[in-house]
Amino acid sequence: MTAALRAFRSTSAGPVALAVLTLLAVVAVVAPILWGDMATALNPATAVLGPSAEHWLGTDRLGRDVLVRTLVATRTSLGLGLLAAAVAALAGLLLGGLVAVLSRRAREVGLRVLDAVLAFPAILVAIIVTLILPEGTASAAVAVGVAGTPAVARIVVTLATAVLARDFVAAAWGLGVGRPRILVRYVLPNIADSLAVSLSVVAGAALVVVSSLSFLGVGVQPPAFDWGGMLSQGVMDMYVTPLAALAPAVMIALAGLAFGLAGEAMARVANPSVWTARRAARHPAPAAGTRTESDALLDVKGLTVTAGAGPEAPAIVSGVDLRVGRGDIVGLVGESGSGKSMTMLAVARLLPYPVESLADALTLDGHDLRAGPGERIRRLLGTRLALVFQNPAACLNPSLRLETQLTEVPRTHQGMNRAQARELALAGLRQVRVPEPERRLRQYPHELSGGQRQRATIAMALAGRAGLLLADEPTTALDNTLRRAVLNLFREANAASGTAIVLVSHDLSVVRGLCDRVVVMYAGRVVEEGPTREVIARPLHPYTQALVGSTLTMTTPLDRPLPALDGQPPRPGERQEGCAFVPRCARAEDRCAKERPPLRAHPGARRTACWAVEA
Amino acid sequence: MNGLRLRGVTIRYGAGPRVVSDVDLDLPDGAAVGVVGESGSGKSTLARSVVGMVPLAAGEITRDGRRLRAPGLRRVPDPGVQLVFQDPHGSLNPRMTVAATLTEAARQSGSPERPSLERVGLADGLLRRYPHELSGGQLQRVAIARALAAKPKLLILDEVTSALDVSVQALILNLLRDLRADLGIGYLVIAHDLPVVRYLCDKVAVMHRGECVEQGPCADVLRAPSHPHTRALLDALNEESP
Ligand SMILES: Nc1ncnc2c1ncn2[C@@H]1O[C@H](COP(=O)(O)OP(=O)(O)OP(=O)(O)O)[C@@H](O)[C@H]1O
Ligand code: SF4
Ligand SMILES: [Mg+2]
C-alpha cells in the first residue's frame, strides 16, 4: 500500500491530483462553516461590483461576494458529484455483474443493449431522469448517477469477462462453485483496482455533468447553489462582472481535471510496465563520452538486480558477467527464480517496478545502456534488440488483433507502410508455420492455441531483424516437431544475418541443440559455464549434475522414481554467506556454508563455482 | 464400461472450422491415457470439452454410461472429472490464499476438512500464502491438491509440467505416479512431450489436425508407430536428445 502510494506520487499526474483534491476537500469542509452566512446574505448596496480589496473577485447581481460563494459551493458541488458517482458505481456494478454472469448468448444481447443506451448522450438521459424524479437537490445527482450507470456497467462487463475467461474461474466452476459466488469471490477482487481507476474518472465526469444540469436550470434549485448554478447566473452578467461566471467555471474544470488526473495516476500505478523507462534513468550516469572499447555485442559485468532500491534490498541477481560476441549463441539455464529472466529484463531495460539494477558495465554494440535519457535507449533497444518471452500472454496485448501487434515494430522502427508491414507479418507467421496466417492476423490472442501464440511472438521478434535476440523459454509451449522448427529458424537467423542469441531455458536438450556456450545460474549467480557439449556430458557443479540427471528421456527407466532435486532454492533475501546450494548438495563440506566459492577456471574454457571441484 | 467414453466428438469455435473431428477415446476407470500431437492439433480443446468449457458440435461424452456432454446438453460441472491447467499462475485465484482455495474446494465437495498439502509434498506453512508468493512447481501442486479435493475419478492434466523446471518436473511426475498408485485415479494426460506421456501413461492417442490418427498401448505406439505423423514426432525427439 505504501509502495503504491509512493508510486502514485511519483507519477507526473499524481502529486498534482493529490494536492488539488486535498485542497478541495479542505475547502468543502471549512468554507461553509466560516462563510456560510456571508455567501447567502443579500446586499443590494454592493451589487455587481468589480474586484476590490474587499471583494477579491467582485460581487454578483444580488451583492454577494463571488469568491466566498465559489468556495462555499465547493461542498455542494463535490458532494453531488460524489453522490452521482456513487449511484453510478453501485448501479453499474450490479447491472454489469448481472450481465457478466449471463450465459454467453444472453451476455451478447445484454452488451448490445448497453451499447445502444451508451450511444445516447448521458446529459440527455440525465435531464429526462431529473424530470421524472421529484424536485430536489439530490435528484440531480441521482439522475446523473442513473445516466452514468450504463457506462460503468459496460466497464464492469468488459473487465469481468476478461477475468471470467481465466483458468481459475473454470477450475472453480468445475468444482461446483455457483455463479454468484464466482462473481463475489473470484471476479470482484480481481477487477477492483482497475475499477477504482475507472470510477475516479467517472467521478470527475459526474461532477461536470451535475454542474451542467444546474447550469441548464434542472439541477440544484435556488436558494441552494452549486458551481453550475452560479455559472448560469453569472453568464447573464457576463459583460458586467465576468468573474462571477469565470470563478465557478474554473472550479468545475479544476475539480474535473483533478479527478481525471487521479484516475490516470492510479492507472499508471496499476500498470507497472509503464515504469520501466523511468528505471533506466535511475542508473548512475557513467562518465561522459563512454563509448566503450569492448568488442563484444553484449557485455555485462557485475550485474546486480535488487528488489527495490538501497543497500538493504534483497538481491535477485548478484555479480553476473555475461559476454555475447557477434553471432554467438549462448544458453542461460537454471531453475525458476535463479535470476535468468531478470538478467534478460535488466539487459532489455524492462525491469518491473520496483526492481532496480546496477552494473559495472552494460553495453550493447558499444552503447552504454545504463546511461542517458530513456528515449534514446529505447530507440537503441527497439532497433537492435528483439525479445521473446516465456509467457506469450504477457507480450501479446489481449485486446488488440494480431495484425496491429505484429506490424507495430516494422512500422514504427523500420518506416514501413501498412501493406509492407502486413506482408512481413504474414511471412513471419508462415516462417514459424502458423496455419492460415491471413485469418490469424484478424484474430485476438485468446483465439490461438498456446503454441500458436508463442510462435506469433517469435515471428514478431524475428521480423525486427535485430542484432541480438533475447529468447526466454521460447519453446516451452511447443511440441518437439515445432520446437525443432523454431530452433532451426533461430539457427537460420544466426547464420544468415549474424543475429546473436541468448536463449534462456530450463530444458537442457533445447540448449544443447542450439547453443555453443552455456551459462548455468543458481540463486542469482553463475555457478558454471563452458562449451555446451562438455558441460552436459561432464557437468562439474553438483547443481548442473542434478539438472542433467533429472531430465526425462525416452529411455528413462519406468520402474523407479525419477532422480529429482528436492527442496527449494533460497529466495532472494534468504541467501546466506556461503554457497547457496548447501541445503540441497550431497557433497557439501564445512567450508561451503561459510565461504562462497568463487567462479574458477577449469581446463577446456570452463568455469565453475564449487569447493568440491579441484581447480 | 465404467469410465469416460468419447464418441464422435467434434468441436468448432463459433462458426470456425472443425478443431476436433470425430474423436473416439475410451478411458476406463483408473487408466492413464496420453494425448500427444503437434501444437494446435486440438488437444487442449478436447480436454476442455470434457469439463464443459467448450461445447460439442457433434458426438457425445459419457461417464459410467451417463451422458455428460453432448450438443445442446445443459452445461453442468462434474466433480468426478477435474482439469489441471498448464499455466499454474493463471489457474489459482490471485486474491485467495492457498488455505482459502483449498477450503473452498473441500466445501464444494461437502467434506468438512481441508485437503492436506502434505499429500502433494508441500509444507503446511504455505497455507497462508497468496499465489504470487509461490513458485510454479508449488502452485502446480496446490492446483493438484485442489483438484483432488473433489475426489475425482479422473484427472485431466493439460501440459502440467511443461511450464516447470526440469528438476521440478521430475518432482511432479513422481508425485503423479504416487497418487495414481495410492488413489487409483485415472489420468488423461495432454502433452507435447513424449517422454512425459511414456512415463505416466499406459495408452497413448496421437492427434493430428483435430483427428485422432493412432492409438494404442504406449509401448507399441512409441516403439512401432504406424502413422507417419507419430513417426515424425518420434524422429524429432531422437534427433535432439543426447
Ligand atoms: N477461443 C478460441 N476461439 C477460436 N479458436 C480457438 C480458440 N481456442 C483455440 N482455438 C483454435 O483451435 C485449434 C486447436 O487449439 P488447441 O488449443 O486445442 O490446440 P492444442 O493441441 O492444445 O495446441 P498446443 O499444443 O499449441 O497447446 C487451434 O487452431 C486454435 O487456433
Ligand atoms: S560449494 Fe559446496 S555446497 Fe556448493 S555446490 Fe560445491 S560442494 Fe555443494
Ligand atoms: Mg494446448
What distance do A/L552 atom CG and B/D193 atom CG have between them, rounded to the nearest 0.5 Å?
7.0 Å
Does some side-chain heavy atom of A/R439 sit less than 4.5 Å from a side-chain heavy atom of B/P17?
yes
Shortest non-hydrogen contact from A/Q452 toward B/G40:
NE2-CA, 4.1 Å
Which pair of heavy atoms, one from B/R95 and one from A/P189, lies closest together, and at what distance?
NH1-O, 2.8 Å
Could you check whether any side-chain heavy atom of B/R75 comes within less than 4.5 Å of a side-chain heavy atom of A/W173, counting everything from C-beta outward?
yes
Nearest heavy-atom approach of A/S550 to B/A170 is CB-CB, 4.1 Å
With a 4.5 Å cut-off on side-chain heavy atoms, are A/L558 and B/R198 touching?
yes
Does some side-chain heavy atom of A/P561 sit less than 4.5 Å from a side-chain heavy atom of B/N174?
yes
Which bit of B/V76 is near chain A, if near means a heavy-atom gap under 4.5 Å: side chain, backbone, both or neither?
backbone
With the threshold set at 4.0 Å, does a side-chain nitrogen-carboxylate oxygen contact exist between A/D167 and B/R48?
yes
Scanning both residues in full, the closest heavy-atom pair of B/G90 with A/R166 reads CA-NH2, 4.5 Å
Please report the closest heavy-atom contact between B/S162 and A/H506, naming both atoms and the distance.
O-CE1, 4.2 Å
So, taking the atom named CE in A/M554 and the one named CG in B/L222, what distance separates them when rounded to the nearest 0.5 Å?
4.5 Å
What part of B/D178 lies closer than 4.5 angstrom to a heavy atom of chain A: side chain, backbone, both or neither?
neither
Can you see which heavy atom on A/A171 is nearest to which on B/F85, and at what distance?
CB-CE1, 3.8 Å
Roughly how far, to the nearest 0.5 Å, is the CG atom of B/L173 from the CG atom of A/L562?
6.0 Å
Find out whether B/P94 and A/F168 are in side-chain contact, i.e. whether some heavy atom of one side chain is under 4.5 Å from a heavy atom of the other.
yes
Which bit of A/R181 comes within less than 4.5 Å of chain B, counting heavy atoms only: side chain, backbone, both or neither?
side chain
4.5 Å side-chain heavy-atom contact, B/S109 and A/L175:
no
Sub-4.5 Å side-chain heavy-atom contact between B/E104 and A/Y186
yes
Region of B/L171 that comes under 4.5 Å of a non-hydrogen atom in chain A:
both
